[in-house]
Amino acid sequence: DTYFPAFKMAVQQGKAKGVMCSYVAVQGVPSCASKFLTSVLRGSWGFDGYITSDTGALAFMYQYHKYIKTQPEAAAVAVTDGGVDINSGGVYYYDILNAVNMSLITMDDVHAALFRSLKLRFELGLFDP
């Protein structure tokens, strides 16, 4: 009741193109791994931008929240459940391909995240000659 109205207005009326998941957990689920928050954001509110993680939020999922056990699992859960397209920490850099090789996620999952992370850059003309 406190936070959702402001975020909803930012997404729907303000046409936000990027949001950040953080270190917190809601009902035991880290925000960067929340199917619920992703379904509200992308489903109910119609958000079509990218989601980035706070710098250490994905590592927090296994280091402090104990939600999962390994860094490759953190990468996989963030991509599939949390819809996280960009990781500002090192989890994707070091372990997103390990998550693919371990069959925790597919390359299609990675491609979807990559598409969303590059979409805005193309819309802004950053790749124009």
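Lys35 is linked by a side-chain hydrogen bond (donor to acceptor under 3.5 Å, both in side chains) to nothing, counting only residues two or more places apart in sequence or in another chain. For Lys8, there are no salt bridge (Lys or Arg N to Asp or Glu O under 4.0 Å) partners two or more places apart in sequence or in a different chain. In terms of the side-chain contact (heavy atoms from CB on, under 4.5 Å) criterion, residue partners of Glu123 (sequence neighbours excluded) are, by chain and number, Lys17, Lys119, Leu120. Scored by the salt bridge (Lys or Arg N to Asp or Glu O under 4.0 Å) test, Arg121 finds no partners at all (sequence neighbours excluded). Scanning for side-chain contact (heavy atoms from CB on, under 4.5 Å) contacts around Phe122 gives Leu118, Phe127, with sequence neighbours left out. Thr106 meets the side-chain hydrogen bond (donor to acceptor under 3.5 Å, both in side chains) test with Asp109; sequence neighbours excluded. Evaluation of the side-chain hydrogen bond (donor to acceptor under 3.5 Å, both in side chains) rule for Asn101 yields no partner, not counting sequence neighbours. Taking Ser39 as the reference, nothing meets the side-chain hydrogen bond (donor to acceptor under 3.5 Å, both in side chains) condition, with sequence neighbours excluded.
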Go through Phe115 and Val110 one step at a time and tell me if the side-chain contact (heavy atoms from CB on, under 4.5 Å) criterion holds. CA-CA 9 Å; Phe115 174 84; Val110 175; over 6 Å; no
Identify all side-chain donor-acceptor contacts of residues 72-84 below 3.5 Å with residues at least two apart in sequence or on another chain.
unit_1 : atom_1 : unit_2 : atom_2 : d
Glu73  : OE1    : Lys69  : N      : 2.9
Glu73  : OE1    : Thr70  : N      : 2.8
Glu73  : OE1    : Thr70  : OG1    : 3.1
Thr80  : OG1    : Ala76  : O      : 2.8

Can you give each donor-acceptor pair under 3.5 Å made by side-chain atoms of residues 59-67, sequence neighbours left out, with the distance rounded to 0.1 Å?
unit_1 : atom_1 : unit_2 : atom_2 : d
Tyr62  : OH     : Gln71  : OE1    : 2.4
His65  : NE2    : Tyr23  : O      : 2.7
Lys66  : NZ     : Gln63  : O      : 2.9

Listing, residues 50-58 side-chain donor-acceptor contacts under 3.5 Å, not counting sequence neighbours, or none:
unit_1 : atom_1 : unit_2 : atom_2 : d
Thr52  : OG1    : Ile86  : O      : 3.2
Ser53  : OG     : Asn87  : ND2    : 2.8
Ser53  : OG     : Ser88  : N      : 3.3
Thr55  : OG1    : Ser88  : OG     : 3.4

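Between the CG atom in Asn98 and the CD1 atom in Ile105 there is a gap of 10.0 Å [rounded to 0.5 Å]. If you take CG on Asp95 and CG on Leu104, they are separated by 10.0 Å, rounding to the nearest 0.5 Å. Note that OG of Ser44 and CZ of Phe36 are 8.0 Å apart. Values are rounded to the nearest 0.5 Å. Here Thr38 contributes atom OG1 and Phe47 contributes atom CZ; the two are 10.5 Å apart, rounded to the nearest 0.5 Å.
No chain of hydrophobic side-chain contacts below 4.5 Å, direct or via other Ile, Leu, Val, Met, Phe, Trp or Tyr residues, connects Tyr3 to Val24. Cluster annotation: Leu124 is not connected to Val19 through the hydrophobic network of ILVMFWY side chains, with a link wherever side-chain heavy atoms come within less than 4.5 Å. Hydrophobic clustering keeps Leu41 apart from Met20 (ILVMFWY residues linked when any side-chain heavy atoms are closer than 4.5 Å, directly or through intermediates).
Counting heavy atoms from C-beta on, the side chains of Phe7 and Val11 never come closer than 4.5 Å. Residues Arg116 and His111 fail the side-chain proximity criterion, which asks for heavy atoms closer than 4.5 Å.
Counting Ile, Leu, Val, Met, Phe, Trp and Tyr side chains that sit under 4.5 Å apart, directly or through other members, Tyr93 shares a hydrophobic cluster with Tyr94.
Between the side chain of Ser34 and the backbone N or O of Pro30, no donor-acceptor pair lies under 3.5 Å.
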